[in-house]
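Working notes for the structure below.
What you are looking at is a predicted structure, and each value in this text was computed from that prediction instead of being measured. We count ligands from 1, going down the list as the structure has it; atoms in each ligand are counted the same way.
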Amino acid sequence: SGKSEGRNVYRFFEPGMDALARARLTLETDLDTALKRQEFVLDYQPITNIASGEIVGAEALMRWNSPTRGLVAPDDFIAAAEDSGLIVPLGEWALKQACSVAAGWPPGMRIAVNVSAVQIRSADFARSVISALAVSGVSARRLELEITETVLMDESETVLKTLRQLRELGIRIALDDFGTGYSSLGYLRRFPVDKIKIDRSFIHDIDNRDTAAIVRSIIGLGAELGITVTAEGVETEAQLDILRKAGCVEAQGFLIGVPSKAADMARLLKSKAASRPA
Ligand code: C2E
Ligand code: MG
Ligand code: MG
Ligand code: MG
């Protein structure tokens with residue numbers, strides 16, 4: 001059977017279904033219920049400008065607060081939500097929620113939201129983004145949408161048109177997990193993006209001479225192309241120091257701040273804004 005019918009084949013438990021397929025179907029059903037019961041939450045992780053040391057925004061990261069499974073990380077449920085199609089309403093909820101939270105942040109503070117390829121392909125995507133901004137009152141300039149290469153692998157005119165439309169509104173598009181994909185450079189050539197987020201595996205391994213050379217090249221590439229480069233997964237001062245010397249613009253990681261509850265992030269951002277010289 002073709003890929004497109006794959007998820008419709010096992011609609012119900014069947015004797016022949018193996019344990020894995022059954023667990024997956026249970027997960028998809030549970031996710032559906034979880035959205036109705038509002039069990040999803042967003043944590044926020046600060047992003048800093050390396051040169052000034054100031055926080056410029058935060059990334060919204062989804063968690064599932066399940067009464068039976070405990071706190072579930074996105075890597076353990078996003079793929080299932082994509083397969084079942086639930087990612088469309090779930091992602092829409094995340095956009096609305098993140099924008100309404102960011103509306104309470106100091107002026108200009110940016111909000112980054114991860115969006116899945118499945119979501120972008122849905123016909124209503126641009127409209128739901130515009131509506132999330134309108135309802136929250138957050139300006140398009142403050143919103144960053146983080147996409148991965150899988151979005152760009154789909155070279156349909158629809159995806160291209162959607163990305164163009166969103167950029168014309170002033171929304172920034174960031175290429176997440178840069179360097180891990182199949183053809184990162186190829187995509188940069190074909191798709192206009194505003195930001196590159198260097199995958200944290202490179203930062204983790206930045207002590208290695210070759211890795212450091214690759215990271216410096218990505219930073220140089222960003223500068224040449226006029227694309228902001230953000231380093232993900234910065235955990236040590238030594239890593240930050242290498243990135244600073246290489247001219248990396250932004251950093252994100254446990255060293256700068258761990259993902260935290262909306263209320264804690266709002267407090268942090270307000271205290272920073274208040275202590276900043278006028
Ligand atoms: P991502 O967008 O690349 O997010 C960064 C991930 O790195 C987050 O994991 C974050 O907690 C983790 N991280 C941040 N700083 C550090 C660090 O210094 N060291 C280490 N080891 N890890 C760090 P998380 O929250 O588990 O999210 C995993 C992935 O799930 C995200 O990767 C993103 O691709 C996806 N995701 C998260 N929220 C959403 C969402 O709302 N929608 C969609 N479609 N995907 C999401
Ligand atoms: Mg991201
Ligand atoms: Mg990433
Ligand atoms: Mg990732």
Side-chain angles (χ1 to χ4, degrees), residues 31 34-35 39-48 50 55 57-65 70-102 110-122 125 128-129 132 143-151 172-181 184 193-206 215 218 228-240 242-243 248 250-262 265:
L31 285 168
L35 182 58
E39 291 171 6
F40 293 99
V41 288
L42 295 174
D43 281 354
Y44 299 84
Q45 185 179 33
I47 302 170
T48 190
I50 296 179
I55 297 175
E59 176 178 5
L61 295 161
M62 200 186 288
R63 282 92 183 79
W64 174 20
N65 207 339
L71 198 63
V72 189
D75 285 335
D76 295 327
F77 68 82
I78 293 287
E82 287 177 337
D83 282 357
S84 73
L86 186 76
I87 194 69
V88 174
L90 181 58
E92 196 168 323
W93 168 81
L95 260 165
K96 288 220 150 68
Q97 179 66 19
C99 287
S100 85
V101 163
R110 300 202 302 256
I111 173 70
V113 182
N114 293 283
V115 293
S116 124
V118 178
Q119 232 181 312
I120 293 198
R121 267 181 235 133
S122 88
F125 181 69
S128 78
V129 175
L143 179 62
E144 281 177 8
L145 299 179
E146 299 196 359
I147 61 171
T148 56
E149 226 176 70
T150 47
V151 169
R172 290 186 182 82
I173 305 293
L175 199 44
D176 208 348
D177 304 344
F178 188 82
T180 56
S184 303
V193 300
D194 305 281
K195 185 182 249 194
I196 291 170
K197 298 189 81 174
I198 306 177
D199 189 72
R200 68 168 188 258
S201 58
F202 291 93
I203 311 307
H204 185 261
D205 198 28
I206 207 166
V215 169
I218 298 174
T228 304
V229 177
T230 305
E232 296 192 292
V234 179
E235 294 183 354
T236 69
E237 287 290 351
Q239 291 167 345
L240 186 62
I242 294 171
L243 291 162
C248 188
E250 294 178 353
Q252 181 179 358
F254 297 164
L255 177 71
I256 290 107
V258 296
S260 27
K261 301 276 152 257
M265 182 55 59

What atom name does the N, O or S atom of Asp177 nearest to the Mg ion (ligand 3) carry? OD1
For ligand 1, note which part of Gln252 has a heavy atom under 4.0 Å away: side chain, backbone, both or neither. neither
May I ask you to check whether Met62 has an N/O atom sitting below 3.5 Å from an N/O atom of ligand 1? yes
Location of contacts on Ile78 toward ligand 1, heavy atoms closer than 4.0 Å: side chain
Checking heavy atoms under 4.0 Å, the part of His204 that sits near ligand 1 is neither
Of Val258, Asp76, Asp176, which has the heavy atom at the shortest distance from atom 2 (O) of ligand 1? Asp176
When you measure from the heavy atoms of Arg63 to every atom of ligand 1, does any distance fall below 4.0 Å? yes
Which one holds for Pro259 and ligand 1: side chain close, backbone close, both close, or neither close, with close meaning a heavy atom under 4.0 Å? side chain
Would you please determine whether Glu82 falls within less than 4.0 Å of ligand 1 on a heavy-atom basis? no
Out of the N/O/S atoms in Glu146, what is the name of the one closest to the Mg ion (ligand 2)? OE1
Within a strict 4.5 Å, meaning less than it, do heavy atoms of the Asp43 and Met265 side chains meet? no
Would you give the angle at the Mg ion (ligand 2) between Asn114 atom OD1 and Glu59 atom OE2, to the nearest 10°? 90°
Does Gln119 reach ligand 1 with a nitrogen or oxygen that is under 3.5 Å from one of the ligand's nitrogen or oxygen atoms? no
Any side-chain heavy atom of Ile87 within less than 4.5 Å of one from Ile78? yes
Using 2.8 Å as the threshold, say whether any N, O or S atom from Asp176 sits that close to the Mg ion (ligand 2). yes
Which option, Thr148, Leu90, Asp177, Leu61, owns the non-hydrogen atom nearest atom 3 (O) of ligand 1? Asp177
Of the listed options (Ala251, Gly257, Pro74, Ala73), which comes nearest to atom 30 (O) of ligand 1 when hydrogens are ignored and any heavy atom counts? Pro74
